[in-house]
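Computed over heavy atoms, backbone and side chain alike; hydrogens, waters and symmetry mates excluded.
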Amino acid sequence: MGLQWYSSQRRPVLLNFRSSKWFIGSTVFVAGFNARRPCCPSINDGFSYGAVIPVLPFSLAERSGVAEEDVQFWLSALLVAFGLSLTLAAPITAWASDKFGSRQAPLLLGSALAILGTVIVCVAKEPWVLVLARICQGSSNSAVYSAGLPLVADTVNSNEVGSWMGSVFSGMTAGFLISPIIAGIVYHKTGYFEVFILVLAVLAFDFILRATMIEKKRAAKWHDAEKLISPNSEERAINEHSDSWSTNGRTDSDAKIVAQHGVIVQEESDGEPDETSPLIRCISESTQDKLAKPKSWFARLFPKMAVLLSSPRLDVAVLGCFTHMIVVTSFDACLPLFAKRTFGWNSSGAGLIFLPFTLPALFGAAYGALSDRYGPKKVSLSGFGIATTFLALLALISDNTILHKVFLAVLLIIVGIGVNLILTPLVADMFYESKLLEKKHCEVFGKAGAYAQVYSVLCAAMGFATAVGPAWSGFMYEATSWKIMTITLAAICALGSVGIIFYTGGAETKKSEGEDVPGGVC
């Protein structure tokens with residue numbers, strides 16, 4: 001819609017507030033609270049997902065009639081279904097976000113799917129119906145990565161990315177890790193349906209916030225429309241462009257074209273323009289040659305994805321986030337059962353055992369600030385080192401004693417600090433790399449930029465890890481022991497950190513790349 005349409009419409013109430021970075025950031029934070037903890041982008045299943053975790057082992061047996069020996073299978077199946085649907089929905093969400101030029105629409109659709117999936121989980125009894133509900137919720141969850149995180153990137157300044165991403169992930173982790181505690185207690189004290197009443201209330205509040213916010217680019221059109229209808233607006237625009245172009249030899253008529261039509265005029269890269277040079281030139285001949293000769297069938301069919309996957313820095317960041325998610329989701333399938341079998345805890349205890357993970361997650365903004373100051377490499381490597389060491393020490397927990405219970409809680413707190421130091425810096429590093437890719441391959445990404453595609457890759461990796469982590473850890477725990485499972489988990493964590501040493505950006509690299517660069521402009 002053009003400026004004429006905006007100028008004919010009534011200005012939205014509280015436009016500046018609803019489009020401010022604080023309101024948008026808070027909206028994505030609350031959305032993240034309801035999102036499955038990765039990455040991050042529908043942001044609608046963290047609280048509902050986490051609320052289900054401590055309830056499932058008991059409701060599958062009591063409500064669905066699943067035999068005790070089959071509970072682990074169905075618990076893992078539900079987690080795998082969620083992860084695979086999240087993986088497959090991510091590229092579709094990113095495509096829709098770029099195609100229709102809106103981050104808000106996928107977020108609203110994701111919220112609606114989350115509510116639908118939660119209602120199905122609430123009323124379903126057959127295990128296979130629960131699997132369908134988890135597919136619905138997993139599909140909705142892709143919006144937090146493919147639309148929510150790009151929305152944050154579109155809204156905040158480059159030097160604030162780490163802090164704001166950390167805040168969003170704080171919401172994700174807090175929702176995912178606080179909800180098992182609340183849900184476990186509510187389930188034990190009241191019952192099954194009361195848990196879902198609580199979840200649906202949170203999801204409804206989330207939907208209202210998403211519907212209320214106004215994206216920055218939409219707000220800018222309202223502001224431009226107001227300038228358009230104000231007195232002497234055209235003359236002011238022409239004068240502004242004339243002043244800035246006079247040093248480049250442009251005339252007032254050229255400035256008038258830009259003021260009226262918003263055309264970006266580019267010089268030839270190999271010399272000064274003359275009277276035969278075209279006024280408008282968006283793509284150089286060398287760029288056209290590159291476009292005419294794609295290197296592979298994959299590049300022809302998926303040019304954006306081909307550019308992204310060819311970046312070692314981006315690949316390493318995605319692998320690091322994948323490893324992080326493997327660690328987090330591995331506890332989903334095993335920790336409640338381990339607490340039940342080792343300590344004899346009920347659903348309340350199974351929920352409370354996630355509390356040590358929760359506390360470190362509340363300081364996501366601090367982890368992001370550390371990344372902004374010291375660079376993603378140092379902070380993420382520190383996180384990997386901490387998580388690897390204390391994951392291995394979890395193998396020592398084996399007895400139903402006070403000492404082992406306290407030791408388990410302390411170790412989980414430290415592991416929680418480690419995994420949170422991993423994620424936020426790597427997601428911020430993906431942002432910095434995406435800006436470089438946008439500038440280098442603007443003919444590929446266009447006006448939409450690279451954010452949605454980059455974070456859809458993150459979402460797919462997280463979703464796949466959500467499927468692999470519980471399946472692998474559940475198998476290892478049942479086939480071997482808690483000790484072997486935690487040691488192999490520590491080994492996986494260590495391997496995931498290797499590439500970061502060579503490719504992830506440091507403080508100086510981040511600083512040089514953190515300048516605002518117009519994406520998608522040739």
Do [X] and [Y] touch side chain to side chain, with heavy atoms closer than 4.5 Å?
X	Y	value
L489	I326	yes
I492	V327	no
L421	F384	no
V28	F23	no
H324	V328	yes
Y455	V427	yes
F343	L408	yes
T118	V199	yes

Please report the interatomic distance [atom1]([X]) to [atom2]([Y]), rounded to the nearest 0.5 Å.
X	Y	atom1	atom2	answer
T27	L209	OG1	CG	5.0 Å
D372	M165	CG	CE	10.5 Å
S311	E433	OG	CD	3.5 Å
R373	S163	CZ	OG	12.0 Å
R313	L426	CZ	CG	10.5 Å

Are W128 and W74 close enough that their ring centres sit under 6.0 Å apart?
->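 No, the ring centres sit 6.0 Å or more apart.
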
Can you name the nearest heavy-atom pair linking [X] to [Y], along with the distance?
X	Y	answer
S380	I500	OG-CG2, 3.6 Å
T93	P106	CG2-CB, 3.9 Å
A94	S456	CB-CB, 3.4 Å
K216	S19	CE-O, 3.2 Å
L308	L314	O-CD2, 3.4 Å
P376	P425	CB-O, 3.4 Å

What orientation do Y477 and W482 show, parallel under 30°, tilted 30 to 60°, or perpendicular over 60°?
->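 Y477 vs W482 ring planes: perpendicular.
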
Between F322 and F464, how do the two ring planes meet: parallel, tilted or perpendicular, split at 30° and 60°?
->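 Aromatic pair F322/F464 classed parallel.
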
State plainly whether the residues E215 and K21 are in salt-bridge range, i.e. N to O under 4.0 Å.
->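 Judged by the 4.0 Å cut-off on N to carboxylate O distance, E215 and K21 do not form a salt bridge.
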
Can we say R103 and D154 salt-bridge, meaning some charged N sits less than 4.0 Å from an Asp/Glu carboxylate O?
->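 The answer is yes: the pair qualifies as a salt bridge.
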
Under 3.5 Å, is there a donor-acceptor pair between the side chain of R18 and the main chain of T212?
->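 Yes; at least one donor-acceptor contact below 3.5 Å.
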
Can V318 and M430 be said to form a side chain to side chain contact (heavy atoms under 4.5 Å, CB included), step by step?
-> CA-CA 8 Å; V318 171; M430 294 174 70; 3.8 Å; yes

